[in-house]
Each structure stands twice: as structure tokens, then as C-alpha cells.
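Since the structure comes first, as C-alpha cells, the remarks are kept for the end.
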Amino acid sequence: MWVRKIMLAVAAGLALIPAGTGAAQAAGTPSLTTCTDQLLIMGSSGPCVSSMQESLEALGMDVGADGQYGARTRLAVYYFQVAAGLDADGEAGPITITALDRIANSPAGLTIGLPRMPDGDAEFSPAGNGVLTKGLGGIGTQSYYFSRGASRMLNDALNDPENGAGSAVTEAVACAAITAAWGPAFPLAEAGCTAIGIGTVYNVERAAQDAVDADGCFEIKVRRFSASFSAAEYTHNEGHNCIP
């Protein structure tokens, strides 16, 4: 299924920013040096997660030190691993933690750039499938950013002649991707799908292809004018909200 493929997609980040220097630990947070025997993954929580987040913050990664290893922290760890030349999977084991502790506390900091994190108000899909949404909660513009990998999968589904993608297929695939990301009960899932129905097949397919050609992310901008009326624009994005 295309949605399953979308949920498995992973790629690379961009929009480099300079790294900071030196990790300052908050009161009550252990030194990351004491956590080098840990394996921290999605769902982990506690003081070692907080210490790791503070070290990532010291390198310029906007993650927030809440002690919860969520999608934002996993993305920051992945970006760090890529920049540091480590195996990149978004999980922080002894090798990653040791490297992060050393680099975050060195006088020079990280000597290469790290990708800029997505905006602080960008929400990660609870399905963990690489869809970011901004502007939720009422009238205005909501943007759905498909990850690079998800954009490639979506483009394959829409533009591969073997799929026979026509109007119904285009709407079904894009709509299913949003519903899979946010769940059928999520209010904007239905609104997003309604907006997709308004748009033309050509614009959806062209935007998906443009995203892949630019190594960027397929983006749907849903403009809600009222509770019952919305419209959509299909485009692509190559900025910091375009994630792996």
C-alpha cells in the first residue's frame, strides 16, 4: 500500500545553521558523561534524555529539554549523527551519546553545520510517518509538509504509469496520507481531504514531481475561510520544515 510506503520513508535534511559551543546542564540534570551506557529511543524519558537534549540545544538544535524522547528529539539526534559521521538512525546509544558529550563540551563545538530544526510550532504526525503540520486549530492556513521520502513515495504513486493514477487515485492517495498521519477522527483530516478534492489532478501530480526533482518536500496548503469552506494549494518546499 502507498500509505504504508509513505510511513516508512526516510531521507536527508537541509538549511544549515552554525553550531553553538558548550553544553550547560540544568540543576538536577546529570552530566551526559554518566549516560554513556544508555540506549535512548522514541518513548524514552528521564534525566538522561534531558541531559542529551540540553547538549543538542548547546549545538544549536531547537529540541526543548522536556525529558521526553519524541519525534523532534529523534530528528535532532538523526541530524547530529549525520553531521558527526555516525550511523544515522535517530536512536542514541553509547557511541552517539559519547560523541555528543564530547562535541557539545569541546571548546570548538561541532566544526561542521547542523541542519536547522523545523519551526517550534510545527507538529509531528502521531503516526510517525514524516508528515509535519503547521497552523492547526481554526480559520487560517494549515500546511502539510510531506518528508522527502514520503514525497518520493507519493510521487511514485501518482506519476507511475503502472499505477494508472487518475483523478480518483490522486485524491485517494493524498487524502489517505493525511488521514494516516492524523487519524480519521482528527478534524483537519476531513478538511484536508475536502480541499484535495477541490484541487486539480494536474496540480497535485506536478507539485509531487517538482518536489522530487528539487529534492524537496511535497506541501499542501489548506486555507480555511470558514468552518465549511476551504481551498488548497499544492507546492513543494525545500526549507527547514522539509524533513528526512
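As a basis for the values below, the full set of heavy atoms in this structure was taken, side chains included, without hydrogen atoms, waters or symmetry mates. Note that the structure is a prediction, hence the values are computed from the model and not measured.
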Using a 3.5 Å distance criterion without hydrogens, assess whether the side chain of [X] forms a donor-acceptor pair with backbone atoms of [Y].
X: Glu57; Y: Val63; result: yes
X: Ser55; Y: Ser51; result: yes
X: Gln53; Y: Asp66; result: yes
X: Gln81; Y: Gly90; result: yes
X: Ser151; Y: Cys217; result: no
X: Arg152; Y: Val212; result: no
X: Ser31; Y: Thr34; result: no

More than 12 heavy atoms of other residues, nucleotides or ligands under 6.0 Å from CG of Asp37: is that the case?
yes

Rounded to the nearest 0.5 Å, what separates atom [atom1] in [X] from atom [atom2] in [Y]?
X: Arg206; Y: Thr235; atom1: CZ; atom2: OG1; answer: 9.0 Å
X: Ser147; Y: Met153; atom1: OG; atom2: CE; answer: 9.0 Å
X: Tyr144; Y: Asn237; atom1: OH; atom2: CG; answer: 16.0 Å
X: Asn241; Y: Arg116; atom1: CG; atom2: CZ; answer: 8.0 Å
X: His236; Y: Tyr145; atom1: NE2; atom2: OH; answer: 13.0 Å
X: Asn155; Y: Glu205; atom1: CG; atom2: CD; answer: 9.0 Å

Treating Ile, Leu, Val, Met, Phe, Trp and Tyr as nodes and any side-chain heavy-atom pair under 4.5 angstrom as an edge, say whether Ile95 and Val77 lie in one connected cluster.
yes

Under 4.5 Å between side-chain heavy atoms, counting indirect links through other Ile/Leu/Val/Met/Phe/Trp/Tyr residues: same cluster for Ile41 and Leu86 or not?
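No, Ile41 does not connect to Leu86 through the hydrophobic network.
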
Close side-chain approach of [X] and [Y], heavy atoms under 4.5 Å:
X: Thr96; Y: Phe80; answer: yes
X: Phe124; Y: Leu132; answer: yes
X: Gln68; Y: Thr73; answer: no
X: Lys134; Y: Asp121; answer: yes
X: Leu75; Y: Pro118; answer: yes
X: His240; Y: Asp119; answer: yes

Check [X] against [Y] and note the closest heavy-atom contact, atom names and distance.
X: Ser50; Y: Gly67; answer: OG-CA, 3.1 Å
X: Glu219; Y: Ser143; answer: OE2-OG, 3.3 Å
X: Glu91; Y: Tyr69; answer: CA-OH, 3.6 Å
X: Gly216; Y: Arg148; answer: O-CG, 3.6 Å
X: Leu56; Y: Ala76; answer: CD1-CB, 4.0 Å
X: Ile97; Y: Cys35; answer: CD1-O, 3.4 Å

Any chance you could lay out the salt bridge (charged side-chain N to carboxylate O under 4.0 Å, His left out) test for Asp62 and Arg72, step after step, and finish with the verdict?
CA-CA 9 Å; Asp62 179 17; Arg72 193 172 185 86; 3.5 Å; yes

Measure up the Phe146 and Phe218 rings against each other and bin them: parallel (under 30°), tilted (30 to 60°), perpendicular (over 60°).
perpendicular

